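Comments concern the structure below.
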Amino acid sequence: MELSYKKQNCTQVNEEYIGKECTLAGWVSTVRDLGGIIFVEVRDRSGLFQVVADPKVNPQVYEKFQELRSEFVIQVTGTISKRPDDTINEKLKTGTIEMYPSSIEILSRAIALPFVLDDEGVSEEVRLKYRYLDIRREKMLSNLTLRHKIVTAIRNYLNNNDFLEIETPNLTKATPEGARDYLVPSRVHDGKFYALPQSPQIFKQLLMVGGIEKYYQIARCFRDEDLRADRQPEFTQVDIEMSFVKQDDVINMAEGLVVDAFRAAGVDVKAPFKRLTWKEAMERYGSDKPDTRFGLELFDVSDIMAASTFEAFKSVVEKGGTVRAIKIPGIAGYSRKEMDDVRNLAISFGAKGLAWITYLEDGSVKSPVFKFLTQEQIDEIQKRADAQKGDIVFFVADTHKVVFDVLGRFRLYFGDRLGLIDKSQHDLLWVVDFPLFEYSEEEDRYVSVHHPFTMPAYEDIDKLETDKAHVKSIAYDVVYNGNELGGGSIRIHDPGIQEKAFKALGLSDEEIKNKFEFMINAFKYGTPPHGGIALGLDRLVALLVRANSIRDVIAFPKNAQAKCVMTQAPSDVSEAQLRELHIKLRNLPKIH
RNA sequence: GGGGGCGUAGCUCAGCUGGUUAGAGUGCUUGCCUGUCACGCAAGAGGUCGCGGGUUCGAUACCCGUCGUCCCCGCCA
């Protein structure tokens with residue numbers, strides 16, 4: 001596209017343009033003033049192009065070039081020429097050609113930048129404060145470009161499969177469960193608040209009631225929780241819902257989408273992906289998002305410990321807990337201090353203690369728990385672990401939840417520390433058959449693992465009233481290299497089952513009516529069986545560009561304190577604005 | 001809410017066991033330089049050592065507090 005100020009992009013110009021006139025516009029990337037001749041690299045989004053000012057060729061242009069400084073915005077027009085053979089720069093796409101401009105226009109000047117653009121070591125704090133400059137960096141440009149390509153691939157895939165892209169409200173109703181809401185006060189309605197959506201969940205289900213059948217949205221979601229490297233208060237989900245589907249339909253659709261999204265990032269993966277049940281994932285890897293690029297699988301020794309004289313472990317099993325173990329190869333030589341560190345690590349992960357058996361290189365075997373075990377029991381453990389000289393087997397006894405959590409983290413820790421993870425792999429899998437509920441100690445009731453609209457497994461519907469802990473759900477997560485890319489479920493489309501599900505969560509009739517009446521009503525008017533999935537776009541892109549933080553794939557992210565260091569949001573507002581919103585602060589901000 | 005790391009020039013950092021004039025690289029400014037591409041050479045400007053308090057004859061350094069920032073746990077249906 002030819003623009004008024006610019007007829008070519010920098011890297012569009014190639015040797016075919018030699019002898020032709022071009023007009024480039026962009027930023028001054030570098031000025032190399034050799035005294036009698038000045039070289040300037042012009043940068044636009046496409047890349048770099050060298051222009052040369054020689055007083056013998058054009059004294060007026062040379063004079064103007066002496067004014068140029070880094071990041072000035074300029075327009076140059078001139079004929080493209082081949083560089084002398086010995087001055088070709090192979091690092092540059094346009095390194096065989098250059099321009100001696102016949103005219104130069106300074107479109108805008110720039111003061112000295114707060115940091116050097118090609119310096120990789122600049123702190124994130126500075127980068128975020130001047131994000132508009134940070135975005136000029138090649139790395140950020142390529143991250144945002146790849147994000148665009150991935151979104152484009154996703155849109156193409158869904159459009160080609162007959163989906164409609166539909167927007168849902170950002171001003172909506174506070175949701176009862178889940179994350180904390182961002183609230184938006186209503187000026188029109190004194191004392192009332194909208195909430196920003198944590199996800200378009202309810203609306204996309206109502207679109208199914210509305211007969212849309214196949215919906216998607218690149219949806220902004222908001223959660224007022226503490227941040228992490230991979231969590232922002234506002235983030236983007238690829239939100240999808242389909243009617244007349246069972247689990248395999250959604251999974252097949254999503255696999256095609258992930259394959260296309262990865263291809264857009266230059267990564268070839270093949271569908272179908274592996275599938276693990278939630279139970280298998282927990283028992284083998286201690287995680288519902290297992291990284292299966294390496295082994296170190298957990299194994300069960302509850303039966304052995306229950307038969308031992310080791311009271312601490314025995315009693316755990318008798319109370320319904322479990323004792324599981326993990327074999328870590330080649331660390332039997334750990335010093336006393338290293339073992340103390342390992343034990344402290346286990347405790348920091350939530351273990352009450354840590355037991356182990358060390359298989360020393362000299363063939364001897366040592367353990368603080370041998371006195372509680374018979375030789376047969378010791379042999380059986382070695383057999384299950386397939387322990388060799390140099391290995392250590394660690395044991396944790398507690399509730400299933402704690403044991404899996406501790407050993408799962410142990411596994412990741414040692415996988416990383418021992419360099420067992422093949423970073424070149426692209427390990428994609430589904431975790432299916434999640435439990436529908438989990439018990440919340442804090443609230444002393446069962447809460448949804450996924451959300452309250454998740455369909456129970458057909459064979460478990462009876463258990464909604466009798467055995468909540470063992471109700472499986474038709475919910476599935478897609479996992480990439482040990483990271484949750486997304487998850488979804490088949491939804492309840494039967495008002496009767498939905499009511500049972502709400503009751504199982506301990507919601508009273510009144511609460512159900514207040515919070516979900518519109519939804520229950522909607523479902524009375526003919527609701528297709530439906531289900532869907534949501535994929536975390538920021539995390540997906542961050543993983544594919546191997547960024548340390550999703551902030552690196554978001555143009556204007558918040559920092560870890562949920563502040564925008566560039567705009568200083570969130571900020572105080574005027575008393576007048578508050579009054580209009582009928583809001584009185586408990587602690588007024590300091591006068592400024 | 002809890003734990004840990006960091007805070008010294010515009011940027012990235014060094015600074016010994018507490019010692020008198022706080023350094024380097026880079027960026028910036030100026031001068032010289034006609035084929036550079038991390039141009040080179042030279043000179044110069046640039047500091048509330050985050051802030052407050054304490055210990056001390058003396059604190060950038062030690063202690064306490066506080067603020068900022070990053071990571072992790074909790075939390076994130």
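In what follows, chains carry the letters A, B, and so on, assigned in the order in which the sequence lines appear, proteins first and then strands, with residues in each chain numbered from 1. Everything quoted here is computed from the prediction, not taken from an experiment.
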Specify the closest pair of heavy atoms between [X] and [Y], including all atoms of both residues, with the distance to one decimal.
| X | Y | result |
| --- | --- | --- |
| A/Met99 | A/Phe49 | N-CE2, 3.6 Å |
| A/Ile97 | A/Arg83 | O-NE, 3.1 Å |
| A/Asp552 | A/Met140 | O-SD, 3.5 Å |

What's the [atom1]-[atom2] distance between [X] and [N], to the nearest Å?
| X | N | atom1 | atom2 | result |
| --- | --- | --- | --- | --- |
| A/Asp118 | B/rG27 | CG | P | 9 Å |
| A/Tyr182 | B/rC76 | OH | C1' | 12 Å |
| A/Met99 | B/rU36 | CE | C1' | 18 Å |
| A/Asp230 | B/rC71 | CG | C1' | 12 Å |
| A/Asp226 | B/rG3 | CG | P | 14 Å |
| A/Arg69 | B/rG27 | CZ | P | 14 Å |
| A/Glu125 | B/rU69 | CD | P | 6 Å |
| A/Leu92 | B/rU36 | CG | P | 15 Å |

From the options [options], select the nucleotide whose nearest atom is closest to the side chain of [X].
| X | options | value |
| --- | --- | --- |
| A/Pro55 | B/rC71, B/rU34, B/rC39 | B/rU34 |
| A/Val126 | B/rC76, B/rA38, B/rU12 | B/rU12 |
| A/Arg551 | B/rG10, B/rC71, B/rU12 | B/rC71 |
| A/Asp54 | B/rU34, B/rC73, B/rU69 | B/rU34 |
| A/Ser70 | B/rG74, B/rC28, B/rU69 | B/rC28 |
| A/Lys56 | B/rC75, B/rU34, B/rC33 | B/rU34 |
| A/Glu225 | B/rU12, B/rU69, B/rC75 | B/rC75 |
| A/Arg83 | B/rC37, B/rC76, B/rU69 | B/rC37 |
| A/Val565 | B/rU29, B/rU69, B/rC70 | B/rU69 |
| A/Phe39 | B/rU36, B/rC71, B/rG74 | B/rU36 |

Quiz prompt | A/Arg136 atom CZ, neighbour heavy-atom count above 12 within 6.0 Å | solution = yes
Using purine N1 to pyrimidine N3 plus N6-O4 or O6-N4 for Watson-Crick, or N1-O2 and O6-N3 for G-U wobble, both under 3.5 Å, which nucleotide pairs with [N]?
| N | value |
| --- | --- |
| B/rU69 | B/rG5 |
| B/rG18 | none |
| B/rG46 | none |
| B/rC75 | none |
| B/rG31 | B/rC41 |

Quiz item: Is A/Lys204 reaching over with its side chain to a backbone N or O of A/Ile240, donor-acceptor style, under 3.5 angstrom?
Solution: yes
Quiz item: If you measure from the Lys or Arg side-chain nitrogens to the Asp or Glu carboxylate oxygens, is any gap between A/Glu499 and A/Lys503 under 4.0 Å?
Solution: yes
Quiz item: Can we say A/Lys279 and A/Asp433 salt-bridge, meaning some charged N sits less than 4.0 Å from an Asp/Glu carboxylate O?
Solution: no
Quiz item: Can you find a donor-acceptor N/O pair under 3.5 angstrom joining the side chain of A/Gln50 to the base of B/rU36?
Solution: yes
Quiz item: Is the base of B/rC76 touched by the side chain of A/Arg231 through a donor-acceptor pair closer than 3.5 angstrom?
Solution: yes
Does [X] make a side-chain N or O approach to OP1 or OP2 of [N] shorter than 4.0 Å?
| X | N | value |
| --- | --- | --- |
| A/Lys563 | B/rU69 | yes |
| A/Gln561 | B/rC70 | yes |
| A/Arg32 | B/rC39 | yes |
| A/Ser123 | B/rU12 | yes |

Quiz item: Which part of the nucleic acid does A/Val449 contact within heavy-atom distance under 4.0 Å: base, sugar-phosphate only, or nothing?
Solution: sugar-phosphate
Quiz item: Touch check for A/Arg127, heavy atoms < 4.0 angstrom, all strands: base, sugar-phosphate only, or nothing?
Solution: nothing
Quiz item: Between A/Ala229 and A/Arg180, which has a closest nucleotide on RNA chain B that is more 5'?
Solution: A/Ala229
Quiz item: Between A/Asp119 and A/Ser549, who's closer to the 5' end of RNA chain B by nearest nucleotide?
Solution: A/Asp119
Given the [atom1] atoms of [N] and [M], what is the spacing between them in whole Å?
| N | M | atom1 | result |
| --- | --- | --- | --- |
| B/rA45 | B/rG10 | P | 15 Å |
| B/rG15 | B/rC75 | P | 40 Å |
| B/rG25 | B/rU8 | C1' | 15 Å |
| B/rG27 | B/rC41 | P | 11 Å |
| B/rG7 | B/rC13 | P | 9 Å |
| B/rC11 | B/rC70 | P | 16 Å |
| B/rC49 | B/rA22 | C1' | 8 Å |
| B/rG65 | B/rC57 | P | 24 Å |

Exercise. Report yes if the distance between the aromatic ring centroids of A/Phe453 and A/Phe516 is under 6.0 Å, otherwise no.
Key: yes
Quiz item: A/Phe115 on top of B/rC11's base, within under 5.5 Å and under 30°?
Solution: no
Exercise. For A/Arg231 and A/Glu225, run salt bridge (Lys or Arg N to Asp or Glu O under 4.0 Å): C-alpha distance rounded to whole Å, both residues' side-chain angles, the deciding distance at 0.1 Å, then the answer.
Key: CA-CA 9 Å; A/Arg231 278 187 352 213; A/Glu225 295 292 347; over 6 Å; no
